[in-house]
Enquirer: 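Can you read through this structure? Questions will come right after.
Source: prediction; values computed, not measured.
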Amino acid sequence: VRRIVLEVGHAPGAEPDFGAGVGMSTPWQLVTNNLNRLFQGTGKTLVIPTSAAQTESVGAVSGMDFTASQILSIVAPHRQADTGDTAVVYAVWLPGYFNDGSMRRMDVLGVSIGTTGVIAMFKPVINGTGMLPGVRRFVEQTTLVHEFGHVAGLVNNGVTMTTAHHDSAHGAHCTNTDCVMYWQNEGANDLLSFINRRVTTDNVTLFGAECLADAAQAAR
């Protein structure tokens with residue numbers, strides 16, 4: 001894979017927020033900086049949308065709960081296929097909540113669905129993380145970076161680890177509490193705490209040194 005394309009879709013009323021927040025100089029710069037940092041020195045080209053005009057509507061969706069299979073069905077007509085040396089990641093914003101098959105998960109901001117390359121973002125949970133738009137933008141972008149990390153193979157999820165930092169009790173997550181791949185950063189309350197500690201501008205690197213080392217090794 002030499003080229004990675006991030007496609008973004010959304011249901012009506014759940015559009016991603018491309019507005020610049022406090023400390024953000026450019027829309028979606030936190031996402032762009034961190035994804036580029038993850039692949040730094042690999043020679044890979046990333047195509048990342050930076051405006052609403054570069055996204056698409058997936059049309060109206062029914063219900064407020066979305067299982068993994070329902071999310072994949074919503075995305076299927078819109079996602080471009082991988083071709084040649086190009087891999088496509090599709091992130092869809094939904095006006096509801098993740099259903100893990102047994103219950104509605106009111107605190108889950110986003111999920112990466114297995115090895116499908118599909119990410120789902122849950123707008124009501126994102127909107128519930130604070131009254132200030134700047135805070136919500138940090139939450140939204142940090143969540144997308146976290147879920148993209150899963151798609152990229154972090155942690156011990158396809159990319160070989162250079163050091164022992166896999167929190168095996170919590171799936172493909174990092175033991176470093178200051179890394180965006182820490183397991184609790186998929187929940188709204190804990191992600192807010194992470195942002196308060198770590199994020200002050202759009203230039204901050206959200207990945208811990210361990211995950212960056214894994215990504216660098218994988219590219220060799």
Enquirer: Take His166 and His173 through the side-chain hydrogen bond (donor to acceptor under 3.5 Å, both in side chains) test and state the conclusion after the steps.
Expert: CA-CA 6 Å; His166 179 204; His173 290 104; over 6 Å; no
Enquirer: Should Phe39 and Ile4 count as side-chain neighbours, where that means a heavy-atom distance under 4.5 Å?
Expert: yes
Enquirer: With a 4.5 Å cut-off on side-chain heavy atoms, are Phe66 and Ile74 touching?
Expert: yes
Enquirer: Can you tell me how far CG of Asn99 sits from CZ of Arg105, rounded to the nearest 0.5 angstrom?
Expert: 9.5 Å
Enquirer: Taking atom CE of Met181 and atom CG of Asp167, what is their separation to the nearest 0.5 Å?
Expert: 11.5 Å
Enquirer: Is there a path from Val159 to Val155 through hydrophobic residues (I, L, V, M, F, W, Y) whose side chains come within less than 4.5 Å of each other?
Expert: no
Enquirer: State, to 0.1 Å, how close Lys44 and Val1 come at their nearest heavy-atom pair, and which atoms those are.
Expert: NZ-O, 2.6 Å
Enquirer: Is there side-chain contact between Ile119 and Val111, with at least one heavy-atom pair below 4.5 Å?
Expert: no
Enquirer: For Thr162, which residues count as a side-chain hydrogen bond (donor to acceptor under 3.5 Å, both in side chains) partner, sequence neighbours excluded?
Expert: Asp214
Enquirer: Taking all heavy atoms of Cys179 and all of Asn185, pick out the closest pair and write down the distance.
Expert: O-ND2, 3.1 Å
Enquirer: Can Glu15 and Lys123 be counted as an ion pair, charged N to O under 4.0 angstrom?
Expert: no
Enquirer: Please say yes or no: joined through hydrophobic side-chain contacts below 4.5 Å, possibly via intermediate residues, are Leu38 and Val5 part of one cluster?
Expert: no
Enquirer: His170: which residues meet the ring pair (Phe, Tyr, Trp, His ring centres under 6.0 Å) condition with it, sequence neighbours left out?
Expert: Trp183
Enquirer: With the side chain counted from C-beta on, respond yes when Leu206 and Phe194 share a heavy-atom pair under 4.5 Å apart, and no when they do not.
Expert: yes
Enquirer: Is any side-chain heavy atom of Thr129 less than 4.5 Å from a side-chain heavy atom of Leu191?
Expert: no
Enquirer: Is there a path of hydrophobic side-chain contacts, each under 4.5 Å between heavy atoms of I, L, V, M, F, W or Y residues, that connects Phe207 with Leu46?
Expert: yes
Enquirer: Tell me the closest heavy-atom pair linking Thr163 and Glu210, and the distance in Å.
Expert: OG1-CG, 3.9 Å
Enquirer: Can you name the salt bridge (charged side-chain N to carboxylate O under 4.0 Å, His left out) partners of Arg79, sequence neighbours left out?
Expert: none
Enquirer: Thinking salt bridges, do Asp178 and Arg197 make one under a 4.0 Å N-O criterion?
Expert: yes
Enquirer: Identify the heavy atoms of Phe18 and Pro49 that sit nearest to each other, and give their distance.
Expert: CE2-O, 3.8 Å
Enquirer: Check for a donor-acceptor pair, side chain of Glu147 on one end and backbone N or O of Ser112 on the other, with a separation under 3.5 Å.
Expert: yes
Enquirer: For the atom pair CG (Asn36) and CD1 (Ile48), what is the distance rounded to the nearest 0.5 Å?
Expert: 5.0 Å
Enquirer: Hey, any chance Val88 and Val58 share a hydrophobic cluster, counting ILVMFWY side chains that come within less than 4.5 Å of each other, even indirectly?
Expert: no
Enquirer: For residues Trp28 and Asp17, report the shortest heavy-atom separation together with the two atoms involved.
Expert: NE1-O, 3.4 Å
Enquirer: Only one of Val204, Leu144, Leu35 forms a side chain to side chain contact (heavy atoms under 4.5 Å, CB included) with Leu30, so which one is it?
Expert: Val204
Enquirer: On a heavy-atom basis, which atom in Val61 and which in Ala11 lie closest, and how many Å separate them?
Expert: CG2-CB, 3.9 Å
Enquirer: When you compare the side chains of Thr55 and His10, does any donor N or O come within less than 3.5 Å of an acceptor on the partner?
Expert: yes
Enquirer: Verify, without hydrogens or angle tests, whether Gln217 (side chain) and Ala215 (backbone) share a donor-acceptor contact under 3.5 angstrom.
Expert: no
Enquirer: Ring-plane angle category for Phe98 and Phe122, please: parallel below 30°, perpendicular beyond 60°, tilted otherwise.
Expert: tilted
Enquirer: Take Asp85 and Arg3, measure what salt bridge (Lys or Arg N to Asp or Glu O under 4.0 Å) needs, and give me the verdict at the end.
Expert: CA-CA 6 Å; Asp85 63 355; Arg3 184 170 177 265; over 6 Å; no
Enquirer: As an exercise, state the distance from CD of Glu7 to CD of Gln80, rounded to the nearest 0.5 Å.
Expert: 5.0 Å
Enquirer: Ignoring hydrogens and angles, tell me if any N or O in the side chain of Glu140 forms a donor-acceptor pair with the backbone of Arg136 under 3.5 Å.
Expert: no
Enquirer: side-chain contact (heavy atoms from CB on, under 4.5 Å) for Arg37 and Leu212? Distances and angles first, verdict last.
Expert: CA-CA 8 Å; Arg37 177 64 184 88; Leu212 291 174; 3.6 Å; yes
Enquirer: Apply side-chain contact (heavy atoms from CB on, under 4.5 Å) to the pair Thr86 and Val47, showing each step before the final yes or no.
Expert: CA-CA 10 Å; Thr86 298; Val47 180; over 6 Å; no
Enquirer: Let me see the working for Tyr182 and Asp190 under side-chain contact (heavy atoms from CB on, under 4.5 Å), right down to the final yes or no.
Expert: CA-CA 10 Å; Tyr182 185 60; Asp190 292 292; over 6 Å; no
Enquirer: Answer yes or no: is there a side-chain heavy-atom contact under 4.5 Å between Tyr90 and Leu6?
Expert: no
Enquirer: Can you tell me how far the SG atom of Cys211 sits from the CG atom of Asn156, to the nearest 0.5 Å?
Expert: 10.5 Å
Enquirer: Which is it for Ile195 and Thr142 under the side-chain contact (heavy atoms from CB on, under 4.5 Å) test, yes or no, and what are the steps along the way?
Expert: CA-CA 8 Å; Ile195 287 171; Thr142 303; 4.0 Å; yes
Enquirer: Enter the distance from Gln141:CD to Gln29:CD here, rounded to the nearest 0.5 Å.
Expert: 9.0 Å
Enquirer: If only side-chain N and O atoms count, and only distance matters, is there a donor-acceptor pair under 3.5 Å linking Thr67 with Gln70?
Expert: yes
